[in-house]
Amino acid sequence: MPTLIRQPNSGERQPPPLTFSTSLFRQISPALYLQRHLLNNPPTRPNGRNPSQCRDFTLTTNSLSHAHGSAVVRSGDTAVVCGIRGEILTIAPGDDPSRFESYNGSPTSAIHACGSRGAGGASWGGLVVPNVELSTGCSKKYPLGPPGGLAQTLSDQLHELVNVTKLVSLDSLRIYDGDNDTTSKMKIKGYWSLYIDVLCISLDGNILDAAWYAIVAALKSSKLPFASWNQIEERVFCDPSRYHPISLRQSLPFTTTFALVPVPASAGGEVGEVALLLNDPDSYEEDEACEILTILSTTDLGTAQGDFSQLSLGKLRTRVEKIEKRGGWKLGISQIEDCTQLAASKAARYIHTLAKEQLTPM
Amino acid sequence: MAAKAPDRRRNNPPSHGTTPPVFLSSASSGAVKPKQSSRPPNEIRKIFLRTGLISSVTGSSFLEIAPLKLSISVLGPRPLPRTSSTPFAAQAILTTEVKFAPFASTVRRGYVRDSSERDLGSRLYQALVGAIRRELYPKSRIEVVVTILDSEDEGDDVNTVYMEEGKTTVETKFWDAGRSERALGVVLAGCITAASAALADAGIEMFDLVSGGVATSFVDEVGLKGKGVGDAVSNKLYVRDPAIAPPEGKVPLATCVLGYMAARDEISELWISGKVGTKNGTAEMDELVDEAIAAARSARGVLNEAAKERVQFIVDKTGTTEPLKEESTDVQMTG
Amino acid sequence: MSSLVVPGQPLGSASAYIPGPGVHIFNGQIIASLVGQVVTTTPPSSSSSSSTNTTTTTTPTPTISVQKPILSTTATEEPNATLLPEVSSTVLCRITRINTRQATASIFSVNDHICGDEFQGVIRVQDVRLTEVDKVKIFNSFRPGDIVRARVISLGDQSNYYLSTAGNELGVIMADSEMGDQMYPINWREMKSTRTGVVEERKVAKPF
Amino acid sequence: MASSPLAPEISLNPLPQADGSCQYTCPTSRTTILTSVNGPLEVRPKDELPSHATIEVIVKPGIGVAGVRETRLSSLIHSTLQSLILTNHHPRTLIQIVAQIVQAEDHTSLPLLLTPLLNCTILSLLIAGIPMRTVGWSVHLAVVQGAKGIKGVEGQVFKLEGGGDDGMETEESEEVVVRNPNSEILSRAKSSHTLTFSKEGDILLIESLECSQGSGGESADGQGWDISDFLKLAEEGKRICCEEGVEIIREALADRKVF
Amino acid sequence: MSLDALEIILPGDALPQLSPLLTQQPDQPQDTKPRSLRLGPGLTLSPSTPSTPILPYRYGTLNLTTHTKRPTASILSTPRHYHPSPNDPVLVTLLRTTAEQFMVQLTPYTPPAIIPFENYIINNAGTTASARKSRPNLPIGATIYARVSVVHKHLEAVELSVPGPDYGEVISQKNTSSTPSGQKTKKESQSSSSAAAGGTTGAASLANRSEVTPYILTTSQPMTKLLLAEDTLGKPLLSAVASKVPFEMIVGKNGRVWIDAATQKEVVKVVRCFKEFDEAEAWNDDDGGLVRGREIVGRVCGR
């Protein structure tokens with residue numbers, strides 16, 4: 001096993017070097033091990049990728065028999081299963097359905113305009129209800145039991161992403177009285193409420209990107225039965241023979257996450273610290289990172305079919321819909337610019353894989 | 001799902017609750033017949049089993065038997081929680097958790113464990129606890145976590161309503177007494193087999209691998225009328241690894257699920273439900289148990305192959321000189 | 001390359017072999033308890049003391065064991081190492097808390113293998129060194145954050161292993177100074193900071 | 001003490017028992033936060049860090065029980081404070097921060113609550129004498145399209161390019177930036193940006209998101225903003241935080257006699 | 001930036017006043033050793049930012065003392081929480097006694113501090129309490145007047161010491177006629193001001209009275225600083241109170257004051273004066289609480 005010698009950088013008498021095996025050295029001082037990798041130029045990463053390279057990912061959709069739509073995303077050692085179940089929300093006669101009509105009043109409120117909080121209860125949600133489950137034995141770091149801080153933060157981030165991107169067209173979730181092919185203003189009797197459950201099978205860093213990609217892929221591949229109001233039984237019934245897809249946005253938004261690791265750099269004589277951007281961090285890099293930057297962006301690749309990878313991404317217009325940067329103080333604002341370029345290239349690969357998967361539905 | 005109290009730690013559905021979709025099929029098409037499985041009664045279904053897919057835990061396995069898909073992860077000998085008041089544990093403490101994914105069965109299950117999941121967990125514990133050499137790992141705990149991604153359609157026809165000229169009748173054609181036991185039995189057998197594979201992958205020493213076996217005894221529908229319970233019923237049909245739909249014109253009598261250590265020929269866990277006659281002592285029960293053991297023995301073959309396959313893969317790899325870069329072994333989930 | 005065995009598979013009669021790791025005995029049979037390769041090691045034919053007590057005068061009895069190859073890659077640490085600290089195994093640990101009577105540490109490697117989880121160990125003040133045990137001050141021997149090579153002397157109580165650094169090659173092998181710079185050992189009880197040259201007291205392990 | 005109508009009303013140490021506490025009211029977004037800081041305290045063994053203090057942030061909502069949204073708010077504040085507080089001064093201790101949302105127009109809107117929460121927490125950390133590397137300040141900017149009829153306090157509404165006259169009259173289709181908007185302005189905004197800078201101008205937290213209305217699907221295809229607009233906004237945010245923010249802090253602390 | 005003491009320093013501020021002290025003074029002869037600057041509480045070295053080598057980590061005013069032979073700089077601020085620093089006089093209560101030390105409560109909600117027996121000197125001869133027979137058997141909850149000896153962030157407990165007979169257990173001298181062997185009562189603490197402002201003299205008059213229990217008052221950090229500085233900051237309040245009621249007090253820097261007087265009523269009067277003064281935050285007034293202090297004493301002590 002290659003030994004990494006840990007040399008004290010100065011001192012008059014050269015003390016005996018301490019030699020450790022690589023894995024021992026990584027365990028003893030993880031920060032130094034990562035810095036040693038990032039310091040040689042071109043900077044390398046312990047997992048063998050270069051800093052701006054993200055992990056290759058595989059996508060399989062519709063492999064679950066009971067979900068209306070499902071997707072399995074595996075990116076490196078992070079594996080996520082997303083299942084979508086539609087359930088019927090019957091509007092009580094007196095109730096006013098308009099509160100479900102728009103992605104709620106204030107931009108990121110997870111709650112609809114009226115009655116956002118039941119008396120004393122936590123908040124009631126909107127029509128689309130995403131949740132993340134991490135206590136499935138997916139990693140040693142995450143204990144079993146009710147959702148902890150990370151799972152709750154992820155659930156809330158996914159809920160905010162659904163609200164911000166307005167991915168699902170709410171009017172495709174309406175349930176009318178009788179056959180609704182006449183588009184006249186039929187009386188709305190109910191709504192489809194989508195339960196999006198994301199289960200993490202294996203956790204090795206950057207679960208937000210994998211979870212959001214799984215949600216988008218699952219929504220794209222899901223089919224809801226045609227539902228209509230039955231006057232006799234005063235209930236909503238579904239037709240087992242007629243299924244229709246959920247109508248989504250054309251330009252699909254994707255998230256790209258970066259970790260910033262402080263690296264000592266003697267810029268201009270002053271030994272300061274510069275943050276190096278690592279694309280798609282794994283759990284080891286996430287632990288050592290001082291900052292996490294997530295960008296939600298849409299890149300309309302236009303109708304150019306064919307292989308996306310050669311497209312020169314420079315001329316594509318990337319619109320940013322969300323930026324979240326937390327922790328640390330080393331990020332230069334200009335660094336965000338080249339993050340959007342990386343986000344565009346990743347979006348292209350996402351769309352390419354999704355298109356390939358749609359052509360060969362299960 | 002009725003509007004029960006909102007879960008403080010998760011996103012909640014709209015306030016007045018949602019109900020699962022109810023399907024209205026016109027009477028003319030009649031109840032769609034579940035397709036009969038064409039395999040002979042003494043043959044079990046094809047098992048797809050692979051180990052070592054999750055790198056961040058000590059041992060893991062993925063099992064697929066037709067509709068049933070489950071993923072198991074074993075968190076190897078871990079220190080006991082510091083503040084636990086348990087006295088000095090001379091041998092490892094095993095804990096097993098079984099959880100259905102919300103989208104795993106026809107009726108959406110919540111995130112909080114219900115009684116059937118707790119029951120499966122304790123039965124899995126019984127099956128595994130005897131097989132692990134726990135005295136080798138003092139003062140530690142071994143956690144086996146089972147996540148069921150897709151399961152039998154044990155309730156499929158429950159929510160289908162049949163409309164007959166204006167009168168809707170909710171008639172469940174295929175609900176019979178043993179249905180949920182058969183479904184949970186198949187799930188438990190899958191859990192036992194996959195858990196042993198995961199424990200072997202984790203490198204935890206075991207006396208023997210435990211494989212799960214299920215068998216159900218059926219009897220002719222017509223023959224049953226007029227006979228009291230316990231009368232000797234002649235033409236009994238034993239089906240190993242039963243599918244959810246009973247064979248043509250048959251009614252299920254009893255189901256037996258067991259965890260079986262083939263090399264030691266020992267049963268570590270046995271669960272029989274249904275009607276078993278005691279007219280001539282335990283003969284009827286022994287027949288059923290022998291069928292289940294046969295099912296478990298054939299599952300054991302697949303289990304041995306799966307356990308060896310991963311180690312063979314490593315042996316081939318470490319045989320070569322260059323440092324091994326474990327490429328991501330992806331999971332092909334057949335629909 | 002011998003074929004792989006599966007737990008439960010009999011390997012031979014108990015009288016023919018001495019059971020090594022990875023196997024167990026069940027009614028007179030040596031049974032494998034791991035998935036892996038069978039390895040039979042015959043002790044050196046010269047009459048070593050161990051072989052005198054075996055009754056058979058013919059070839060000395062080989063020990064048989066099953067080894068599960070560990071997926072040791074540079075990229076990921078060994079996930080499958082199911083290692084537990086045993087008595088008299090040498091461990092590397094990181095000091096987490098010190099008080100006047102003992103230093104608490106978290107063990108992350110046993111016999112140079114990374115263990116999957118961190119176990120908690122305790123170095124009591126009387127186990128710090130061999131000489132003048134009563135004049136030992138924990139505060140001058142260890143500081144939180146130091147990396148220490150120690151030996152497990154007992155399984156201890158239900159949440160702690162008992163460790164000892166009584167021995168020249170045991171003790172602090174890496175430490176940071178008060179100001180956080182790396183330090184290197186200059187003698188068995190002092191370490192010097194590389195940047196500021198400040199000397200701090202530690203129970204230092206002999207580097208070579 | 002609010003010199004300009006934009007400056008928040010700050011009252012220091014309203015809670016006598018806490019080590020450091022502060023009540024912060026943002027006049028324009030009408031949000032009131034009460035934060036109390038206690039530390040360094042004894043820490044639970046399972047949260048203990050060998051060489052650092054454990055920071056625990058608890059956000060208590062104005063209505064009902066703390067839910068998923070409050071956990072996210074406290075995790076955002078926690079990661080910002082992790083870079084501000086010198087945690088190695090008091091290893092194996094607990095610094096506990098409890099923030100109660102006293103009054104808010106919309107109790108679940110993250111942008112409306114995040115800026116007052118951050119500012120109030122930083123002030124109460126200063127009062128409590130918790131060792132800090134530097135001081136930070138947060139501002140919430142909303143980009144509104146067609147700013148007719150936005151009645152903002154003097155200086156609250158401005159244009160980005162020239163940042164010229166911040167008079168009230170703004171053409172119809174023009175983009176305008178509103179500082180610390182209230183819930184009504186935010187509901188008409190195109191995008192909302194919560195920016196936190198340290199005194200030296202390093203950026204600590206960005207929480208920018210698109211908040212146009214609509215029922216989703218194809219109608220939302222064109223949304224999103226260009227990264228260059230964001231960079232201009234960030235420069236403006238930096239100016240506000242580094243100059244005005246730090247001034248507000250110095251002013252708030254000035255009247256406390258120190259000896 | 002002018003060296004005006006009242007200017008607020010925020011954490012992370014650059015401190016130009018200190019840089020002349022650090023660099024070798026050009027006019028100083030080369031051979032003299034550069035006077036090293038001692039950093040007091042509030043300042044820390046920050047090697048990672050060489051442009052600002054010294055970093056303030058608390059808000060407050062800069063307190064620079066250059067006249068002594070070793071210049072020291074610190075940030076003066078009064079956090080609400082007591083941060084122990086070496087040789088602070090403190091009043092602690094005994095929690096329990098272990099084999100080799102007393103476990104005492106220094107401040108609430110923090111781990112208990114320790115007084116090792118070898119630090120507990122019981123008489124002028126310097127014999128420590130480590131020997132069993134010479135160890136004072138202090139009841140649980142006894143009040144001890146001690147000094148902080150070792151404070152270190154890695155040490156689990158703050159170490160205190162009882163440096164001499166003037167310290168140790170605080171027993172009100174009056175109701176125990178014969179003092180227990182070797183245990184000196186703390187009568188004349190350096191901060192007791194009973195005889196200060198013309199009140200009735202000395203402790204003798206306190207001796208022969210009925211049962212009076214002294215009171216331990218918890219005060220805020222600013223108030224403690226005021227009481228400790230008897231002749232400067234504390235003068236207005238203490239002289240006002242002492243003129244009305246003769247009393248004896250011992251002030252611990254951890255915010256606890258032991259107050260004793262002739263009768264129980266007088267003890268209560270003194271306690272109420274201090275408590276009202278503290279709660280009114282009168283120490284924040286410009287006149288150092290002179291007016292309000294006198295007004296409170298007048299109201300509390302009546303005539």
Side-chain angles (χ1 to χ4, degrees), chain D residues 12-13 15-21 36-43 48 50-53 84-96 122-137 198-202 245-247 249-259, chain E residues 5-14 41-44 46 48-49 51-52 55-63 75-84 107-112 151-157 218 220-222 225-226 229 232-233 278-279 281-286 288-289:
Chain D
L12 295 172
N13 264 343
L15 307 173
Q17 298 304 329
D19 288 347
S21 56
S36 96
V37 170
N38 289 299
L41 306 173
E42 223 168 332
V43 64
E48 188 181 85
S51 52
H52 289 280
L84 280 183
I85 297 176
L86 293 170
T87 50
N88 48 17
H89 273 249
H90 303 287
R92 287 186 320 291
T93 58
L94 172 69
I95 297 174
Q96 189 181 56
I122 286 168
L123 281 169
S124 38
L125 280 172
L126 275 172
I127 294 296
I130 304 281
M132 290 169 80
R133 196 178 53 74
T134 177
V135 181
W137 196 256
S198 73
K199 182 154 58 68
E200 290 79 21
D202 308 325
V246 177
E247 207 35 53
I249 296 177
R250 285 193 196 282
E251 217 177 86
L253 295 176
D255 72 347
R256 291 184 55 73
K257 195 165 173 211
V258 171
F259 54 89
Chain E
L6 273 174
E7 198 252 325
I8 299 287
I9 305 276
L10 286 179
D13 274 0
L43 289 171
T44 179
S46 76
S48 64
T49 58
S51 63
T52 57
L55 187 73
Y57 60 80
R58 272 206 311 232
Y59 95 91
T61 54
L62 182 63
N63 161 16
I75 299 284
L76 259 183
S77 74
T78 47
R80 311 232 342 161
H81 203 76
Y82 168 63
H83 297 294
T107 44
Y109 307 117
T110 52
V151 184
H152 190 276
K153 59 180 180 180
H154 284 316
L155 261 187
E156 220 170 45
T218 309
S220 70
Q221 282 298 302
K225 263 191 179 164
L226 181 133
T232 52
L233 284 171
D278 193 358
E279 265 141 25
E281 293 193 353
W283 32 265
N284 206 5
D285 301 352
D286 305 338

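Note on naming: letters A, B, ... go to the chains in the order of the sequence lines (proteins, then strands), and numbering restarts at 1 for each one. What you see below is based on every heavy atom in this structure, not just the backbone, and it leaves out hydrogens, waters and symmetry mates.
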Asks: Give, as side chain, backbone, both or neither, the part of D/L126 having an atom under 4.5 angstrom from any heavy atom of chain E.
Replies: both
Asks: Give, as side chain, backbone, both or neither, the part of E/H154 having an atom under 4.5 angstrom from any heavy atom of chain D.
Replies: both
Asks: Among D/S51, D/G20, D/P16, D/P50, who wins on heavy-atom pairs under 4.5 Å with chain E?
Replies: D/P16
Asks: Quick one: what part of E/P108 sits under 4.5 Å from any heavy atom of chain D, side chain, backbone, both or neither?
Replies: neither
Asks: Does any backbone or side-chain atom of D/L94 lie under 4.5 Å from a heavy atom of chain E? Answer side chain, backbone, both or neither.
Replies: neither
Asks: Show your working on side-chain contact (heavy atoms from CB on, under 4.5 Å) between E/H83 and D/H89 and close with a plain yes or no.
Replies: CA-CA 12 Å; E/H83 297 294; D/H89 273 249; over 6 Å; no
Asks: Does any backbone or side-chain atom of E/L55 lie under 4.5 Å from a heavy atom of chain D? Answer side chain, backbone, both or neither.
Replies: side chain
Asks: With sequence neighbours left out, what residues match E/Y82 under ring-ring contact (aromatic ring centres under 6.0 Å, His included)?
Replies: none
Asks: For D/L84 and D/L125: C-alpha separation, side-chain torsions, deciding distance, then whether side-chain contact (heavy atoms from CB on, under 4.5 Å) applies.
Replies: CA-CA 10 Å; D/L84 280 183; D/L125 280 172; 5.8 Å; no
Asks: Pick whichever of D/H90, D/R92, D/E200 has the most heavy-atom pairs under 4.5 Å with chain E.
Replies: D/R92
Asks: Mind listing the closest non-hydrogen atom pair of E/P112 and E/A157 along with its distance?
Replies: O-CB, 3.4 Å
Asks: Who among E/P111, E/P56, E/P11, E/G12 has the most heavy-atom pairs with chain D under 4.5 Å?
Replies: E/P11
Asks: The criterion is salt bridge (Lys or Arg N to Asp or Glu O under 4.0 Å); which residues satisfy it with E/D13, sequence neighbours excluded?
Replies: D/K199, D/R250
Asks: Could you go through D/L253 and E/L10, starting from their C-alpha distance and side-chain angles, then the distance that decides it, and tell me whether this counts as side-chain contact (heavy atoms from CB on, under 4.5 Å)?
Replies: CA-CA 9 Å; D/L253 295 176; E/L10 286 179; 3.6 Å; yes
